Every structure is written in C-alpha cells, then in structure tokens.
A.B. asks: 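Have a look at this one before I ask anything.
For clarity, every value in this text was computed on a predicted model and none was experimentally measured.
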Amino acid sequence: MEKTDELVGVAAGRLGPAVRRARIRPLGAALVLTAAATAVLLPAGTRWLDDPAVQAWRTVCLAITVQALPFLLLGTALSGAINAFVPADLFTRVLPKRAALAVPVAGAAGAILPGCECASVPVAGSLIRRGVPPAAAFAFLLSAPAINPVVLTATAVAFPGNPAMVAARLLASLGTAAVMGWLWLWFGKEEWLRPLLRHRHTGHRHGHSRRTEFRLGFQHDFLHAGGFLVLGAMAAATFNVTVPRSVLDTFSGSPWLSVLFLAGLAVLLAVCSEADAFVAASLTGFSPTARLAFLVVGPMVDLKLIALQAGTFGRAFAWRFCTATTVVAIAASVLTGGALL
C-alpha cells in the first residue's frame, strides 16, 4: 500500500505542470476567442451594435476591464514571484509561537504580501501543511487579497479624492480576517479539514526551477483571474444596463437592504480583488457603506472562492467558514462605514 502511494505521488508530481497547463488552455482559448469576436464585431457596423443600450454596455465593460487590467497584471506577477522565490518556511520563522498572537500578525502580513484571492487559497493550504496554525493561515487567506498594496492602490484610483474609502476597506478587511482567525482558534475543529491538511511537512516540493515555477504560477493566476475579470466586467455592465432603476431604488433607498444587496452581488459577480474597486465605483446609486460591503465581502467570499475552498479544505469547512465570514464581513463593513464614510 505504501509503495502504491509513493508511485501515485511521483506520478502526480510529474504530471502536475502538465495538468496545470491543460487547465489553463480552455480559459486562455476562451479569452482569445472573446477578443477575436470583439475585434471582428465592433468595426462591422452591425445594426444591433448601434443600439444605445449595447453601446452603454460596451463602454462600461471596456472601461472596467481596461482600468483594472494593469493592477491585475502587477498583482499576479508579484504573487507568482512570492510563491516562487520566498522561502517556504518564512512564516513559521516569523510568526509568534502563540496562535492567538499569530492571527493578527498573519492578517497584517497580507498588507505587504500582494496576491489575488485565486492564489490565497492554495497558499493557505500550503502554509498549514508546513506547520503554520490554521487560524493564522486563514487570517492570511482572507487579508492578503483584500488589503495588499496593489488592491489598496487600485481602490484609491477607483475612488479619487476619497481616502476614507481606502482606510475603511483596510480596517474592515483586516478586522474581519482577525476575527475569523480567532473564531477558528476558539471553535474550529480539525476534522472539518481534509485529512491531507492534518499532516504537517516542510520543504520545497516543486520539481522544476524557481524561474519555471514563477512562469507557470504567473501564467495560471493571470489567465485564471483575467477570465473572472472579463466575466465580472460583463456581468457588471449587464447589471448597470439591464436592471431597471426602480429595482435599484428599492434596494439603494434602504440602508440595510443596500448593504445586503451589494454583499450578495459581490458573492455572485466573483470579481478579482485587483478589479473590484472599479466595479464598486460604478455603482453610484448605492451608499458608501454598501459599496464598502461589496469591497470587503468580495475578496473573502464569492462563488469561485467557495469552490476553491471546498476543493482545498473540504466541503465541511467551506460552508461553515464562508457563511461565518460573510456575516462578520458585513458587520465589519457596517461598523467601519458608519464611523468613517
């Protein structure tokens, strides 16, 4: 049995890069086809493309994509560099030994270590396997895509002349990450995690050079997150163009309904954290606190993250953790937004 497990491990290690490339190709092909279709249709002068609603949709979609793309590119490049070149045992060496103190330190580390939420889930799983307390790893998982320098810079660009929104996003996100880490420390159970995560190990597991690891990681993260960026921009444009103003007024007119509505919208749109500020800035009919909830909830809980967490940590963990995170993030947004915005 041990021999079989060893052979399976060797095969998985050899096939890992090929499997990752195979996963990249469908999404990359979809993006290429989308770009080609856009290049063909836009100059063609098709009658339905001249409709004002379609033109408005194209304008919003392209504006969100073009504004967010440089930040997405920078964020995924830095994330790939960190994953490839930073020593695997760095966190175990710098984190406090006491888990209760390690949680806020790990959460604050997200402010200096950029990365998108797509990469934070496997990184958190890797940290747990290397001996980092799960509570600290989960605090980092939530904070890294929400408060890193790239995301905060993008937020400042999306909300010019409004530094309070940047500060509110930083405080609400960091507070949510710390609270969720402590909640796991007090109430979490190891049996909710997949068995693989209960066995600690150390060491570099990649079978290729760090430069190759950076290239593969950057390629995967950029294409994966870029696909969600395009889809999120399209969804946001569709939302802005097709949803009647009366429906928006129903939600935007109520302080509580507007917060819950945009929090739910963040879960559904699944926009990358490097891009979500531009989507939030376009939702001008909603209160600043509601848009803050969109910015805080989105990088921590959305459809793609729920799937990633279920696949990495297990379904028993994912539904409990995502539900609790949503509640804590909304509460933090309301409290922070009421105080600063």
Side-chain angles (χ1 to χ4, degrees), residues 60-76 79 110-111 114-121 141-160 162 165-174 176-177 221-222 224-240 258-306 308 322 325-326 329-330 332-333 336-337 341:
V60 174
C61 182
L62 289 174
I64 293 174
T65 302
V66 171
Q67 282 184 306
L69 195 58
F71 296 99
L72 178 63
L73 180 65
L74 176 61
T76 51
S79 175
C116 70
E117 61 269 29
C118 303
S120 66
V121 175
L141 180 153
L142 296 177
S143 68
I147 64 172
N148 69 69
V150 176
V151 170
L152 295 180
T153 301
T155 305
V157 173
F159 292 89
N162 189 7
M165 181 61 78
V166 181
R169 181 174 196 177
L170 172 64
L171 293 177
S173 299
L174 186 58
T176 300
D221 288 347
F222 180 73
H224 186 71
F228 283 108
L229 166 61
V230 174
L231 293 176
M234 294 171 66
T238 303
F239 175 83
N240 275 275
S258 61
V259 170
L260 295 177
F261 179 74
L262 287 194
L265 187 65
V267 175
L268 295 176
L269 290 185
V271 182
C272 188
S273 60
E274 282 93 350
D276 60 0
F278 299 99
V279 178
S282 69
L283 301 172
T284 54
F286 291 86
S287 68
T289 299
R291 289 189 279 177
L292 175 64
F294 181 90
L295 295 176
V296 175
V297 172
M300 299 183 178
V301 184
D302 61 35
L303 293 180
K304 68 178 185 295
L305 284 176
I306 294 173
L308 286 170
C322 290
T325 301
T326 302
I330 292 175
S333 301
T336 307
L341 301 179

A.B. asks: Identify the heavy atoms of A158 and A281 that sit nearest to each other, and give their distance.
C.D. replies: O-CB, 3.5 Å

A.B. asks: Compute the ring centroids of F286 and F294, then answer whether they are less than 6.0 Å apart.
C.D. replies: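 Between F286 and F294, the centre distance exceeds or equals 6.0 Å.
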
A.B. asks: Please find the pair of heavy atoms, one from S258 and one from S287, that lie closest to each other, and give the distance.
C.D. replies: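 Result for this residue pair: OG-OG, 3.9 Å.
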
A.B. asks: I147 and R169: side-chain contact (heavy atoms from CB on, under 4.5 Å), yes or no, with the steps?
C.D. replies: CA-CA 7 Å; I147 64 172; R169 181 174 196 177; 5.7 Å; no

A.B. asks: Would you give the length of the straight line joining atom CG of N148 to atom CG of L170, rounded to the nearest 0.5 angstrom?
C.D. replies: 11.0 Å

A.B. asks: Provide the closest heavy-atom pair for A177 versus L142 in the form atom of the first, atom of the second, distance.
C.D. replies: CB-CB, 3.9 Å

A.B. asks: Please determine whether side-chain contact (heavy atoms from CB on, under 4.5 Å) holds for the pair L283 and F261, giving the CA-CA distance in whole Å, both sets of side-chain angles, and the decisive distance to 0.1 Å.
C.D. replies: CA-CA 12 Å; L283 301 172; F261 179 74; over 6 Å; no

A.B. asks: Please report the shortest heavy-atom distance between L152 and A146, naming the atom on each side.
C.D. replies: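 Of all heavy-atom pairs spanning L152 and A146, the closest is CD2-O, 4.4 Å.
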
A.B. asks: Please report the shortest heavy-atom distance between L341 and P288, naming the atom on each side.
C.D. replies: CD1-O, 3.6 Å

A.B. asks: Under the 3.5 angstrom rule, does the side chain of S273 hit a backbone N or O of P145 as a donor-acceptor pair?
C.D. replies: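 Judged by distance alone, yes, a pair lies under 3.5 Å.
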
A.B. asks: Of all heavy-atom pairs between C322 and I306, which one has the smallest distance, and what is that distance?
C.D. replies: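 Smallest heavy-atom distance, with atoms named: SG-CG1, 3.7 Å.
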
A.B. asks: Can you measure from CG (D302) to CG (L265) and round to the nearest 0.5 angstrom?
C.D. replies: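 Nearest 0.5 Å value for the CG-CG distance: 11.5 Å.
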
A.B. asks: Show the numbers, then the answer: is there a side-chain contact (heavy atoms from CB on, under 4.5 Å) between L262 and R291?
C.D. replies: CA-CA 7 Å; L262 287 194; R291 289 189 279 177; 3.9 Å; yes

A.B. asks: Rounded to the nearest 0.5 Å, what's the gap from OG1 on T289 to CE on M165? Could you check?
C.D. replies: 7.5 Å

